[in-house]
Q: 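For reference, the structure I am asking about is given below.
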Amino acid sequence: MDKKGFIEKLKNVKHLQIIACVAVLVTVLIVYFACASCSEQKNTNASLNGVDLSSGDYCTNMQKQVENIVSKISGVGSAAVVINWDKSTDKTAFGSGSTENPKPIGALIVCDGGNSTKVKLDVIYAVSTLLDLSIEKIMVYPKSG
């Protein structure tokens, strides 16, 4: 079939404009719902372990998240976590906006099982992995009384 024959057949199709409009509308709806599902996934990922990372202060939320996960380590019991953050933050541009990426520089953990060497090492390695800190910048102490 040559080009002219194809064009002639297209001209003979009834309601060609309506079919074209429906095709464009379907394409727009597919793109819209694909973007909406990406947005829902982003919002779902923003809440991790009961800590809402989409609102409030990043540092406070990260501290709560670390505290939550550390308390779940075997032998730890309840835990209190303090993270020291670098005061100077790198500003990285993403698209039209910018975001601040605070960097943790140290962590202090006080927990029920803090007097056990095994628990201390487990907590130190977990926090080191979570915050990308060297192990000498993480201190674990037992709770008093």
Side-chain angles (χ1 to χ4, degrees), residues 1 3 6-7 9-11 13-145:
M1 178 185 286
K3 217 177 192 182
F6 178 72
I7 293 174
K9 279 192 171 191
L10 270 179
K11 286 182 181 178
V13 173
K14 292 183 179 181
H15 308 294
L16 181 61
Q17 291 175 337
I18 294 173
I19 294 171
C21 288
V22 168
V24 169
L25 180 63
V26 167
T27 305
V28 168
L29 288 174
I30 289 172
V31 170
Y32 173 77
F33 285 114
C35 291
S37 69
C38 291
S39 175
E40 287 174 10
Q41 243 179 358
K42 186 177 179 182
N43 289 339
T44 301
N45 291 337
S47 178
L48 183 61
N49 292 327
V51 178
D52 184 12
L53 298 177
S54 62
S55 65
D57 182 62
Y58 171 82
C59 298
T60 303
N61 289 331
M62 183 57 76
Q63 185 168 311
K64 287 178 186 175
Q65 183 179 355
V66 171
E67 191 171 287
N68 184 20
I69 200 67
V70 164
S71 67
K72 292 180 181 179
I73 295 174
S74 176
V76 170
S78 66
V81 175
V82 176
I83 301 171
N84 191 15
W85 299 92
D86 187 3
K87 301 292 183 219
S88 62
T89 57
D90 294 331
K91 291 200 176 196
T92 308
F94 290 102
S96 62
S98 66
T99 182
E100 292 185 11
N101 297 317
K103 182 170 174 38
I105 56 174
L108 174 73
I109 298 95
V110 178
C111 60
D112 289 332
N115 51 0
S116 163
T117 303
K118 181 190 178 326
V119 170
K120 278 186 179 185
L121 287 174
D122 288 345
V123 170
I124 287 171
Y125 285 116
V127 173
S128 173
T129 300
L130 286 171
L131 298 177
D132 194 26
L133 279 173
S134 58
I135 60 173
E136 65 271 0
K137 294 185 178 188
I138 303 166
M139 300 304 293
V140 178
Y141 295 100
K143 278 190 175 178
S144 64

Q: Within a strict 4.5 Å, meaning less than it, do heavy atoms of the V119 and I73 side chains meet?
A: no
Q: To the nearest 0.5 angstrom, please state how far the OG1 atom of T60 sits from the CD1 atom of I83.
A: 9.5 Å
Q: Which atom names give the shortest non-hydrogen contact between N68 and S71, and what distance separates them?
A: O-OG, 2.8 Å
Q: Would you say M62 and L131 make side-chain contact, with heavy atoms under 4.5 Å?
A: yes
Q: Identify the heavy atoms of P102 and Y58 that sit nearest to each other, and give their distance.
A: CG-CD2, 3.4 Å
Q: Return the minimal non-hydrogen interatomic distance between V70 and A79, and the atom names on each side.
A: CG1-CB, 3.9 Å
Q: Residues two or more places apart in sequence or in another chain: which of them pass side-chain contact (heavy atoms from CB on, under 4.5 Å) with S134?
A: E136, K137
Q: Please round to the nearest 0.5 Å and tell me the distance separating atom CG of N84 and atom CD1 of I105.
A: 4.0 Å
Q: Sequence neighbours left out, what passes side-chain contact (heavy atoms from CB on, under 4.5 Å) with D112? Give chain and number order.
A: S78, K143
Q: Between atom OG1 of T129 and atom CD1 of I69, what is the distance when rounded to the nearest 0.5 Å?
A: 11.5 Å
Q: Working to the nearest 0.5 Å, report the span between CG of D86 and SG of C59.
A: 10.0 Å
Q: Specify the closest pair of heavy atoms between V110 and P142, including all atoms of both residues, with the distance to one decimal.
A: CG1-O, 3.9 Å
Q: What's the separation between atom OG1 in T117 and atom CD1 in I124, rounded to the nearest 0.5 Å?
A: 9.5 Å
Q: Test: side-chain hydrogen bond (donor to acceptor under 3.5 Å, both in side chains). Region: residues 118-128. Which pairs qualify, not counting sequence neighbours?
A: K118-D122
